[in-house]
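Chain identifiers are assigned alphabetically (A, B, ...) following the order of the sequence lines, protein sequences preceding nucleic acid strands; residue numbering begins at 1 within each chain. Computed over heavy atoms, backbone and side chain alike; hydrogens, waters and symmetry mates excluded.
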Amino acid sequence: MAGGKGKSSSGGRDHPVRAEPQHGSSKTSNQEKAQVTGNESQSGIASTIETVSLVLIAAVAFAIRLFSIVKYESVIHEFDPYFNYRVTQLASEKGVDAFWNFFDDRTWYPLGRVVGGTIYPGLTLTATWIHWFLKAALKLHPVEVKDVCVMIGPLFSSFTAISTYLMVRQIKGRGAGLLAASFVATIPSYISRSVAGSYDNESVAIFALTNTFYLYLKSIDTGSMFWGVAASLSYFYMVSSWGGYTFIINLIPIHALALLIIDKFNWKLYTGYSMFIVNGTVLAMVLPVIGFNAVETSEHFSGFFVLALMNGVALVKYLKRTLTREAYKKAFRLFVTTSVAVMGVVSLAVITFAMTSPTLRWSGRSLSLLDPTYASKYIPIIASVSEHQAPSWSSFVNDLRLAIILMASGIVSCFRPLTAGSLFLVIWGVLSVYFSAVMVRLMLVLAPAACCLAGIAMSDLLEVLCRSYHLAQPKPEDAGRKEDGQARRRGRRRNSGSSQQRGTIPRPLALLGISGAIFALSYHLFHCSFLGGEGYSSPSIILQSRTRDGGVYIFDDYREGYSWLRENTDYDAKVASWWDYGYQTTAMADRTVLVDNNTWNNTHIATVGRAMASPEESAWKQFRALDVDYVFVIFGGLVGYSSDDINKFLWMVRIGGGVYGDIKERDYIGEGYYRIDEKASPVMLNTLMYKLSYYRFAETVGRDGQDRVRNTKFGNPDVKLTYFREAFTSKHWMIRIYEVLEEPLLEQAH
Amino acid sequence: MGMGRTGSTLARVIAALSLAAMVWSGAEAAVTVTNLEREVDLTADSVVVASAITIKNDKGGSNLVDFVWCPLELVKGKKLIWSEFDQQDQTGKDATRLEWKVEGGDCMRVSLAGALSPGAGTTVEAYEVYASELVPVPAQIRQSDKQMVGISNFEVVARDPANLVIESQVTKFYLPSSNVDFYTKVKPSQLKGKEVVYGPYGADQASSLVDLVFERPEPMLEISSVVREITVSSWRDVEVREHYHVKNAGPKFSDGFSRVEFARNPAPYIANQLTMRVPRQAHSLFLVDVLGNITTSNARFGQDAVEVTATPRFPLVPGWQTHFTFGYKLPKRGFLGADPERPGCKRLQLEAMPAIKGILVRNLTINAAVPEFSADVEGGAVASTAFFTDEDPFRTVKAGTATKKWWLDISGRPVRTLELSELSAEIADLTFYVSYRFNDIMEFKEVSMFLAAWLAAFLAATLWSRSDFTLVGPKSKKLKAT
Amino acid sequence: MGIMLVLMLVLVCGQSVIAAVPDPTSLHQARKTLVVLGAGATEKTHSGLLASLRTRSDGHGGTMEVVKSKEAAAKSFHFRKWDRWSYDSLVLLAPDLTHLGGEKLAGVVNDFVLSGRSVMLTGSDEMSSEVRDLAKLLGVSFHESFVDGGSKNTRVLDFFQNDGGHAEQILATGYADDAGAILSDAAKKKPLLWSGVGSSLGDDNPLAAGAVRAHSTSFCPTRKGFMSKKKGMGRFVGAQISLVSVVQARNNARAVVTGSIDMLSDASRRPETSNAAVCEDLTDWVLGYKSLLRQRDFSHALVEGQGVPGQTQEVYRIKDKLRVTTRVEEWSAAKQAWLPFGREDLQVEFTMLDPHLRKTFSKDLQGTYVADVTAPDVYGVFKFVVDYNRVGYSYIHFEEQVPIRPYRHDEYERFIVAAYPYYASIFSTMGAFFLFGLSVLYTK
Amino acid sequence: MFKDVMEIAGVFTREYSKTPKLLKITDCFILYAVTLAALQYAYMCAFGSFPYNAFLGGFFCSVGFAILTVCFRMQIDPSQREGANKTGNLERVFADYCVACVFLFFIAISYVG
């Protein structure tokens with residue numbers, strides 16, 4: 001197995017190295033493309049170069065995400081993917097039908113979870129089918145589900161590159177397309193979600209996103225119903241793979257609305273849009289996880305609203321054509337009054353309907369998008385997730401790099417000329433900037449937009465440069481240009497012409513500019529591959545630290561603890577921990593958990609939070625009531641692993657306190673702020689969480705030793721446990737498992 | 001116990017047989033054991049009893065060619081998993097491996113190397129291995145305690161009901177440590193150092209069972225099951241994967257496992273390392289479990305073998321267990337060759353025991369898969385005695401066939417399986433063979449498959465490129481028709 | 001029965017220390033009884049009790065040893081080695097005993113009980129502090145007098161319900177009504193002649209119960225000036241005083257604790273008292289000759305619902321009808337066999353977090369308990385819980401986890417009449433489509 | 001007011017009579033689908049929305065068909081082809097239309113169950 005792994009990974013190692021120069025070459029070919037699109041419609045040679053460079057870009061997109069395998073091993077990375085992995089295994093063993101009816105009785109004990117109805121099936125089914133294909137068709141029997149899951153990310157990011165290319169080509173011609181594709185292939189913020197082993201919904205969703213946009217734009221460009229159907233199908237895939245589909249279903253109506261407003265309505269737009277909305281909605285409703293939400297929650301209303309509006313406009317236009325002028329005037333007045341009335345009624349109905357639910361029928365997450373302070377006010381669970389926080393500016397620069405810089409100019413160049421497609425890009429860019437500013441997770445939606453805009457900007461730049469370079473030659477450059485009706489072409493011709501008149505920069509400067517652009521691109525690439533290698537490809541379950549002599553030291557405690565649970569506890573044992581580790585425990589340790597990362601039941605999570613925040617005896621009672629056999633905590637105090645349970649503890653208190661009155665946040669605050677040292681509040685020092693974390697800790701670091709995360713002494717050095725027994729503690733104390741003791745056989749008299 | 005020794009003695013055994021046959025006479029000669037010295041080794045996982053039996057062909061005029069030995073009568077209620085007999089020749093320099101066969105449930109008829117003339121005597125060394133009988137005493141300890149184990153009901157005054165008179169006998173117990181908590185006293189018996197000696201006892205001594213309880217520093221590891229998957233590929237190397245289930249059968253900790261305690265004084269009976277030895281040609285070794293690579297392992301490539309020392313994910317505390325898979329590849333040459341017995345057949349011969357040495361194996365399963373489409377496959381254990389064959393008296397030996405799908409297999413490749421139980425480290429090493437007939441043309445299966453795949457892809461591509469205007473084609477025709 | 005055969009074998013070749021008797025999974029395997037005689041108890045004074053003990057243990061195929069407290073205390077006396085015990089049940093008629101087999105009494109007997117073995121502990125007004133501690137460990141605290149000086153032990157007094165005017169010779173009639181699990185009705189007919197140190201049980205102790213409690217006129221002198229009105233002295237008065245306490249640990253090990261060794265003596269075995277009967281019952285109970293239950297063959301199967309009726313499934317669907325059956329048997333020492341349990345008050349609960357339904361079993365002719373339940377309309381991981389907890393009987397607590405799943409996606413009802421218009425509309429639309437298609441194709 | 005309506009109607013009918021036959025047929029079908037949708041909505045309001053998925057299926061099926069047909073109509077309407085008509089001939093359009101419709105019916109039925 002690992003023999004195979006070794007091979008593939010070593011392949012992975014030299015691949016990027018080998019790929020980069022080629023990538024550079026693909027860059028140069030990109031410039032040729034830029035000017036080719038400028039100068040003549042495609043010739044055979046150009047198209048071959050184009051395909052080759054596209055393939056290379058896809059290869060790079062694949063290769064640049066393999067660092068994690070090279071440096072660590074082919075293993076699933078974060079928390080959530082472990083659930084996807086587990087479900088995929090089930091689907092590939094028991095079949096898709098079993099998957100739809102999967103009632104998971106090993107999580108959310110004792111409630112259980114109906115997985116089939118609450119999961120976005122796109123990712124897992126994709127992986128299942130790929131695996132099945134590899135086995136059945138290609139006869140690669142030893143390939144395991146895990147390997148497929150690990151490779152999904154890179155595979156789909158190369159697809160994303162291709163679909164991005166297609167989309168941007170649709171809008172702004174080939175050069176822009178290739179550049180955009182190369183940007184998207186290497187943009188760090190996307191790499192971070194799609195490295196090999198990050199088997200997460202986003203990794204396929206982004207492909208679905210770009211693909212949907214491509215097909216939609218194509219359909220409103222050609223006005224063909226066929227493409228409309230295709231677009232809605234790809235939207236269906238998006239819906240089935242990520243909750244972020246709401247972005248699409250809102251972005252597209254907004255775009256359509258904008259087009260209506262600037263009076264760019266035509267039958268193509270009508271066809272494409274209505275096809276998309278109708279088919280898309282019906283398809284979305286087919287999914288159990290969406291179901292009636294597709295017509296009931298406010299996220300989806302905008303689509304119908306715009307659809308109605310568009311029909312109105314169509315009708316008006318039709319009347320205008322058929323009726324005589326004065327009749328039309330009257331009719332128009334009439335129509336407007338009635339339609340205004342109707343609209344008023346309808347919107348009133350909708351609003352009342354929306355009012356029926358406290359959140360105006362917005363789901364919590366999207367509400368927290370519209371009102372950034374919402375989550376922290378009302379839903380501590382959502383707020384507690386790190387990726388729902390607002391990002392720092394540095395992360396913008398870090399994750400988007402060149403793209404964010406070029407984005408602005410990209411928007412500008414989208415306005416000359418303003419086609420449906422370019423308008424779409426602009427809206428997408430602006431909206432996603434806002435969203436990503438609210439929620440770091442949505443940086444992912446911004447990334448492709450930024451790439452497309454950056455690609456356009458870069459291609460325009462290069463185009464200008466190359467043209468001015470070519471102008472020096474006597475040969476008139478717009479020889480081969482033929483008439484073609486497409487608005488895009490016309491627009492391009494106009495602006496190229498204008499740029500030609502607008503006097504061109506002297507040749508040396510042009511050369512300088514070109515070389516500068518090349519340098520910028522290659523630097524960008526270098527930076528991205530560096531980030532991809534260093535920053536984003538370290539799994540969260542295997543931690544690494546550099547030793548003084550430059551070697552790597554591996555902390556494998558998570559797997560140590562999980563495998564201990566798996567081997568040495570009863571198969572039906574119930575394991576309690578904070579919800580972050582739920583998926584991993586069910587997948588890696590194969591034990592029943594109380595709560596997991598699918599935070600659908602606030603109360604149950606609060607129960608665990610409360611138990612963790614209670615004194616030992618009452619915690620014992622609570623856990624006994626829930627049939628808990630083992631409790632484990634993550635403790636970083638020995639090796640300075642900062643994302644441990646003590647640091648998450650305040651969230652447990654908040655969430656627990658949100659449901660149970662007996663937990664009050666202020667009791668856990670010592671002298672003004674949250675602390676665990678001598679000044680910590682007695683309640684804090686008495687909680688189960690504290691005791692389990694620091695039990696016998698003093699014996700290793702000494703009574704006045706330091707907690708290496710908090711960098712303080714710890715409040716209560718000698719912790720005694722009477723109702724819990726230390727069952728296992730991993731090598732670096734990162735995972736500490738305790739046994740919940742039985743009731744005593746005899747009750748003593750006192 | 002060397003393999004060489006086994007081989008060298010085969011000829012002698014045959015000679016002995018023929019001789020025995022020659023001098024065979026109907027009348028059974030009476031035998032007396034003038035002296036019996038038994039040395040019981042309790043240091044290992046399994047109980048090894050090495051006894052020097054000095055027999056004398058006393059009364060009776062006929063020669064003595066064989067005698068009946070009943071180890072299971074002498075050692076009550078223990079499970080015999082291996083036994084062999086050697087006879088010192090007069091010079092006492094080198095020994096002859098004696099032939100024996102099972103007689104009655106638990107006795108063996110041992111035929112001597114040479115016939116004993118009346119009155120003459122000789123010494124036969126019996127070497128018996130019994131499945132582990134050590135039990136932790138007490139069953140639960142604290143982590144700071146020592147690990148005490150005991151053996152119970154051992155007969156120190158051997159009386160063979162069958163046909164032997166034992167005139168004098170001594171039984172020595174070798175213990176792993178000098179810390180002996182308890183031993184049943186049967187005069188004369190004494191404890192000196194790591195040794196408990198019972199006897200010498202005369203013929204009139206009453207039979208008596210003894211218990212011993214003593215400290216055992218080493219972990220009581222056992223491989224409760226190991227499945228060895230050997231895959232012979234027609235192109236690549238021989239691939240071996242061993243799926244282990246190892247557990248520590250020692251006394252459980254009543255107070256749980258404390259990392260502090262373990263760091264302070266790691267008790268020697270907590271197994272924190274496993275060593276594996278594979279042939280020196282082995283390459284691309286790996287060690288994984290369900291959760292992925294077990295990172296903490298390193299290999300030393302020695303002259304005669306590759307030695308891998310692996311640290312399990314967690315220290316194997318008494319009562320804990322772990323599953324993992326160890327795999328490596330071997331080049332074909334040296335292991336796979338032409339079958340000497342069956343012309344035109346290839347024969348793979350490998351060591352049957354798994355890579356982890358020195359630990360009792362409760363169940364061993366070997367699945368040897370040979371390339372797809374290879375015909376009349378045979379396989380089994382290469383055994384010099386009754387052991388490991390179908391008539392193995394002391395263990396179940398199951399041989400079977402199966403099929404397995406591997407890289408680029410269409411129908412699956414034939415597999416020979418062999419299941420053995422109770423294999424101790426003290427057993428002379430044992431080899432496994434599989435032999436099959438393979439048509440070399442089949443070597444090009446993979447290539448042709450690749451070609452086929454390529455063709456298919458090509459066709460698909462062309463079809464796709466055509467399929468664009470098949471969309472309208474028929475309809476437009478229909479329109480034309482109308 | 002198999003267990004018992006094994007046991008017999010072990011007893012035959014029993015001189016091995018290591019292969020000693022395993023901890024009894026149930027008291028009916030308890031075979032080897034040790035009786036320790038000490039201060040105030042000799043073969044003479046307690047011959048009646050000893051005789052009855054011996055006849056019973058012989059009759060039930062056990063063995064019984066009687067030793068003096070002195071030799072029992074000695075280190076040479078082999079009571080336990082490592083975790084191997086040489087006896088299964090222990091009758092301590094030695095209030096002065098401080099050590100057993102060289103170990104401190106309280107500690108060793110506590111372990112003895114924790115290993116699932118039973119003990120009968122008798123105190124008296126000259127009992128040792130070890131006996132007190134042991135009683136405490138078992139959950140029974142003997143009264144202590146706070147009389148300045150003098151011994152801590154002080155006898156329970158009753159000036160009304162006593163024998164011949166001796167206030168210390170109590171005639172107690174406060175038998176607990178435990179449905180005969182411990183005390184037979186015959187024993188309850190007559191008063192119990194009792195004199196010794198009273199004891200009290202913690203209110204929050206679910207394991208201990210008073211088999212015989214003192215009369216309301218009884219009290220324990222705690223200070224000069226007998227009765228104290230001080231709060232908290234209540235447990236020294238009247239029915240709060242437990243004369244004979246029975247304790248059953250959660251592993252069903254049993255213990256009888258009484259402060260009166262005279263109660264067991266021949267002297268108090270008079271026709272007008274029920275001491276003989278009470279002692280018989282108590283020893284029967286503590287030695288596991290009576291009220292010993294075991295539960296087995298728990299099974300659940302589908303009656304009607306998704307799947308094959310009568311079949312046991314891993315997972316059931318909501319609103320399935322299920323049948324739960326189990327057997328509960330009582331050990332008959334006389335027949336040396338497990339016989340069906342007689343009582344009808346056994347219940348099964350279907351629990352997720354808290355019981356969703358509770359059903360009383362009904363018995364069929366073979367003595368099998370049967371209950372039909374309907375799975376609730378809630379999915380989740382449920383548990384069947386059988387919990388039987390009556391004074392004197394061994395506890396029965398059994399749980400089995402049974403997930404209840406929701407409907408599968410194809411199990412919802414389809415083709416609802418109310419929806420026919422919609423279906424009709426769809427098909428008519430399709431028809432319209434075809435018509436339209438034709439018309440398009442043929443209008444040229 | 002009412003007069004205006006009448007007048008508009010008159011003008012409309014006059015103008016409309018010019019439109020080719022095919023378009024008229026198309027309009028009939030559009031009307032049919034729309035009324036069907038309206039009827040279903042009324043039914044839902046009247047008899048409660050118990051088999052909600054069935055309602056949605058039927059409703060969207062009709063609406064979708066209507067809108068598809070409108071699209072189709074727009075594409076084949078000669079008066080609406082501003083400039084050169086790119087998207088092929090009637091056959092191509094009709095093929096697209098068929099694909100879309102079949103697709104729509106398929107998902108609608110699968111959704112209804």
Side-chain angles (χ1 to χ4, degrees), chain A residues 219 221-230 232-233 236 266-275 277-288 291-292 294-296 304 307 310-311 314-315 317-319 321-335 337-338 484-486, chain D residues 1 3-5 7-16 18-19 34 49 52-53 55-57 59-61 63-68 70-77 79-88 92-104 106-108 110-113:
Chain A
S219 71
D221 226 5
T222 61
S224 133
M225 298 189 212
F226 176 74
W227 289 115
V229 172
S232 56
L233 270 177
F236 175 61
N266 59 5
W267 60 273
K268 295 181 192 150
L269 173 64
Y270 182 88
T271 313
Y273 180 77
S274 52
M275 294 286 302
I277 290 295
V278 174
N279 290 337
T281 310
V282 182
L283 278 169
M285 285 192 302
V286 173
L287 282 178
F292 300 148
V295 290
E296 281 182 348
F304 304 126
L307 184 59
M310 192 174 281
N311 277 308
L315 185 54
K317 282 194 180 297
Y318 172 71
L319 289 175
R321 264 206 322 285
T322 43
L323 295 180
T324 56
R325 171 149 315 224
E326 65 285 355
Y328 169 69
K329 281 215 176 57
K330 294 202 181 81
F332 187 68
R333 225 181 295 115
L334 204 60
F335 179 80
T337 43
T338 46
D484 53 2
Q486 282 188 17
Chain D
M1 188 63 188
K3 197 158 55 57
D4 294 351
V5 183
E7 176 190 353
I8 294 166
V11 175
F12 180 73
T13 38
R14 197 175 64 247
E15 295 294 327
Y16 183 74
K18 298 201 190 87
T19 52
V34 171
S49 65
Y52 197 48
N53 59 340
F55 162 70
L56 289 175
F59 186 74
F60 271 92
C61 182
V63 172
F65 178 68
I67 284 178
L68 282 173
V70 171
C71 299
F72 180 68
R73 187 191 191 286
M74 284 182 160
Q75 300 203 24
I76 62 174
D77 185 347
S79 65
Q80 204 166 4
R81 299 273 172 75
E82 71 279 345
N85 130 35
K86 294 157 292 307
T87 55
R92 177 57 195 253
V93 174
F94 183 68
D96 277 1
Y97 174 70
C98 291
V99 172
C101 280
V102 170
F103 176 71
L104 178 72
F106 173 70
I107 55 180
S110 66
Y111 182 62
V112 168

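- Here the side chains of A:Leu319 and D:Phe12 are in contact, with some heavy-atom distance below 4.5 Å.
- A:Val295 places a side-chain heavy atom less than 4.5 Å from the side chain of D:Phe60.
- To the nearest 0.5 angstrom, A:Trp267 atom CH2 is 14.0 Å from D:Arg73 atom CZ.
- The structure places SG of D:Cys71 at 14.0 Å from NZ of A:Lys268, a figure rounded to the nearest 0.5 Å.
- For the atom pair A:Leu307 CG and D:Ile67 CD1, the distance stands at 4.5 Å (nearest 0.5 Å).
- Relative ring orientation between A:Phe292 and D:Tyr52 is described as perpendicular, the plane-to-plane angle rising above 60° on a 0-90° scale split at 30° and 60°.
- Comparing A:Arg333, A:Met275, A:Met285 by how many heavy-atom pairs each has under 4.5 Å with chain D, the most go to A:Met285.
- Every ring pair (Phe, Tyr, Trp, His ring centres under 6.0 Å) that D:Phe59 has, sequence neighbours left out, goes to D:Phe55.
- Two residues are said to be in side-chain contact when any heavy atoms from C-beta on lie closer than 4.5 Å; A:Trp227 and D:Asp96 fail this criterion.
- Inter-residue side-chain proximity for A:Leu283 and D:Tyr111 is flagged as unmet; no heavy-atom pair is nearer than 4.5 Å.
- Top candidate by heavy-atom pairs under 4.5 Å with chain A, chosen from D:Val63, D:Leu56, D:Thr19, D:Leu104, is D:Leu56.
- For A:Lys329, the salt bridge (Lys or Arg N to Asp or Glu O under 4.0 Å) test picks out no residue, with sequence neighbours left out.
- Both the backbone and the side chain of D:Phe72 come within contact range of chain A, each with at least one heavy atom under 4.5 Å from a heavy atom of that chain.
- Summarising the geometry, atom OG belonging to A:Ser232 is positioned 6.5 Å from atom CD1 belonging to D:Ile107; distances are rounded to the nearest 0.5 Å.
- Heavy-atom minimum distance, D:Gly64 versus A:Val278: CA-CG1, 3.6 Å.
- Residue contact with chain D, scored on non-hydrogen atoms closer than 4.5 Å, involves the backbone and the side chain of A:Val286 alike.
- In this structure, chain D has no heavy atom under 4.5 Å from any part of A:Ile277.
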